[in-house]
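Input: a single structure, listed below in structure tokens.
Counting from 1, the numbers follow the sequence of the chain as shown. Both counts, for ligands and for their atoms, begin at 1 and track the order of listing.
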Amino acid sequence: MTTATERANHCTTRLNLPSSRYNLVDSWHGKSRVRVAKVRREGTRHAFVELKVEILLRGGSARAFTHGDNSHVVATDTCKNHVYMLAKTHPCSSPESFALVLAERFLHTYSWLTQANVTVMEVPWRRAEVLGKNHQHAFSLTADGSRKATVQLIREKHGSPTVELVSGLNSLSVLKTTKSGWEGFVQDKYTTLPETNERILATTIDAQWTYRSNTISALHTMQFSRVHDGVRRALLESFYGPPDTGRYSPGVQKSLYEMAREVRKRVKEVDSVTLSLPNLHFLPCRIPVFLQNGIKFEDDVFIPTDEPHGIIEASVGSPRLSRL
Ligand SMILES: O=c1[nH]c(=O)c2[nH]c(=O)[nH]c2[nH]1
């Protein structure tokens, strides 16, 4: 679920670095893609959740790498078992809460660990609707974006552990057929793209956000599902614009900024928002057979492409977070 470089960035170095050139600098291990599903039964009405979990543990196991001494290694198989054990008692109602409790469980159980990183992705099953009614126990898989949470829990020498929680909404695909353009960009001998004030705008939103309150006790009482719904609504409503008129977008960059600002404006718990928006091009269909037959492109027939695509990313947060 994460790349090795992301994991390396994640596992901030707290080791005493060895002086020799080829010593172990840092190490961690864990289990990836642990899948678990939970049914919560409230009478005949069931709730269903499927999670994909990744665990990375740091601390105490350097000698397993350098000397083959596994005496302080929690087997990756054991890591997996903790996921199922927790699912038995935890409602699994939000990836954030599950990740937080799981990370705490590792630090609490194994005293030599200095850090537990847990990422939980929720598979987007939604309650089925039949004849306009919510079904009691049937679900369908949607392409409506999925929730993700990453918790980094660090044991401090004195006092309680510190925590960093990043929530995410991934792969939420959106499109609008007008009220989008791209003009005024650099023109030089390499430029071939014509300017336009009429085009399709399509993207797949990947959003990540951090929280203003970053203490374990504040996070334990946070209503993550309400926050998530608020973030989703802010992103979508900002991208779409009002239903009757829409809102003109002069570029993905401006849309992204407006979307992120809308999240911060509406959802008070959110601190910084990072958005990654691919620009999924729908090319005007001006193929030779159209031209030969005198058929004009009238903003009607397009050729959808997914490769290559533009990629526009930015973080929006308090001024103290700004690097620009
Ligand atoms: O909204 C856009 N932003 C860009 O940076 C860009 N670049 C491009 O070729 N088309 C677009 N569209």
Legend entry - Proximity of His82 and Tyr110 rings by center, below 6.0 Å: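 So the answer is yes for these two rings.
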Write 'none' if nothing qualifies; otherwise put on separate lines each N/O atom of ligand 1 with a protein N/O atom under 3.5 Å away and their distance to 0.1 Å.
unit_1: ligand 1; atom_1: 1 (O); unit_2: Arg199; atom_2: NH2; d: 2.8
unit_1: ligand 1; atom_1: 1 (O); unit_2: Val252; atom_2: N; d: 2.7
unit_1: ligand 1; atom_1: 3 (N); unit_2: Gln253; atom_2: OE1; d: 2.9
unit_1: ligand 1; atom_1: 5 (O); unit_2: Gln253; atom_2: NE2; d: 2.9
unit_1: ligand 1; atom_1: 10 (N); unit_2: Trp182; atom_2: NE1; d: 3.4
unit_1: ligand 1; atom_1: 12 (N); unit_2: Arg199; atom_2: NH1; d: 3.1
unit_1: ligand 1; atom_1: 12 (N); unit_2: Asn279; atom_2: ND2; d: 3.2

Please list, one pair per line, the donor and acceptor atoms closer than 3.5 Å that link side chains of residues 283-301 to other protein atoms, with sequence neighbours excluded.
unit_1: Asn293; atom_1: ND2; unit_2: Val289; atom_2: O; d: 2.7
unit_1: Asp300; atom_1: OD1; unit_2: Glu298; atom_2: N; d: 3.2

Inset, instruction - For the pair Glu198 and Lys179, find out whether any cationic side-chain nitrogen is under 4.0 Å from an anionic carboxylate oxygen. - result: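 Result for this pair is no, no salt bridge flagged.
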Inset, instruction - On the 0 to 90° scale, with breaks at 30° and 60°, tag the Phe48-Phe139 ring pair as parallel, tilted or perpendicular. - result: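 Correct class here is tilted.
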Legend entry - Residues, nucleotides or ligands: over 12 heavy atoms within 6.0 Å of Glu50 CD: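 Above 12, so yes.
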Inset, instruction - For atom CZ of Arg40, decide whether the heavy atoms of other residues, nucleotides or ligands shown that lie under 6.0 angstrom number more than 12. - result: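 Yes.
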